[in-house]
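The structure appears right after this line, and notes come after that.
When a residue number appears, it is its place in the shown sequence, counting from 1. All heavy atoms count here, side chains included; hydrogens, waters and symmetry mates do not.
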Amino acid sequence: WMPDLFLKPVDGLSVARKIRGGRSVVWLPWRKLEGAHRFEGMFAMAGNGVARGRRARAAIVDSTPLILAMLGLRIPDDMEGRVVDELFASPLKYETEAARASTGSAGGEGVYSEEDEQLLKERLADLGYLD
């Protein structure tokens, strides 16, 4: 899914929006870099259970499993990312599909209960995705 070629400019360099002449890369002062894509980002949390002052390395793909865990929802096995547990005063309690299957609590049922599946189908139909 990744491109064949990915350009990562060195700090202070930016790929210009339009190629002017023979220069596709121009030197810009830090304050004039607008909308430049960067690998680095910021991840911040606050709220009940979040430990003050803790730091962790997280990636954007960690957002979804973390939110699912915070909501107490099961995390699909094929989902990328991880639960950033180290940001909490006490570990989050969450379940993965593999853990549920290994404990035998899945009981051969699908991912959703019958009620949840019906509600999901109704919502998708209302949005025009199902007939």
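- Using a 4.5 Å heavy-atom cutoff, the side chains of P91 and V83 are not in contact.
- In this structure, N48 places its CG atom where only 12 or fewer heavy-atom neighbours from other residues, nucleotides or ligands lie under 6.0 Å away.
- Side-chain contact between D116 and S113: present, with at least one pair of heavy atoms (C-beta onward) separated by less than 4.5 Å.
- A 4.5 Å side-chain heavy-atom check between E115 and L119 finds every atom pair outside the cut-off.
- Looking only at side-chain heavy atoms (C-beta outward), F88 and M70 come within less than 4.5 Å of each other.
- In terms of hydrophobic clustering, with Ile, Leu, Val, Met, Phe, Trp and Tyr side chains grouped at heavy-atom distances under 4.5 Å, Y94 and V61 are assigned to different clusters.
- The distance from the CG atom of L130 to the CZ atom of R123 is 13.5 Å, given to the nearest 0.5 Å.
- Atom CG of L92 sits about 10.5 Å away from atom CD of E86, to the nearest 0.5 Å.
- The distance from atom CD1 of I60 to atom CZ of F43, rounded to the nearest 0.5 Å, is 10.0 Å.
- Heavy atoms from other residues, nucleotides or ligands lying under 6.0 Å from CD of E80 number 12 at most.
- In terms of modelled atom types and a separation under 3.5 Å, the side chain of D62 and the main chain of R82 share a donor-acceptor contact.
- Linking Ile, Leu, Val, Met, Phe, Trp and Tyr whenever their side-chain heavy atoms come within less than 4.5 Å leaves M79 and L120 in two separate clusters.
- The line from CD1 of I67 to CD1 of I75 is 11.0 Å long, rounded to the nearest 0.5 Å.
- Listed here is the closest heavy atom pair of P65 and G81: CG-C, 3.7 Å.
- Inter-residue side-chain proximity for L66 and M45 is flagged as met; some heavy-atom pair is nearer than 4.5 Å.
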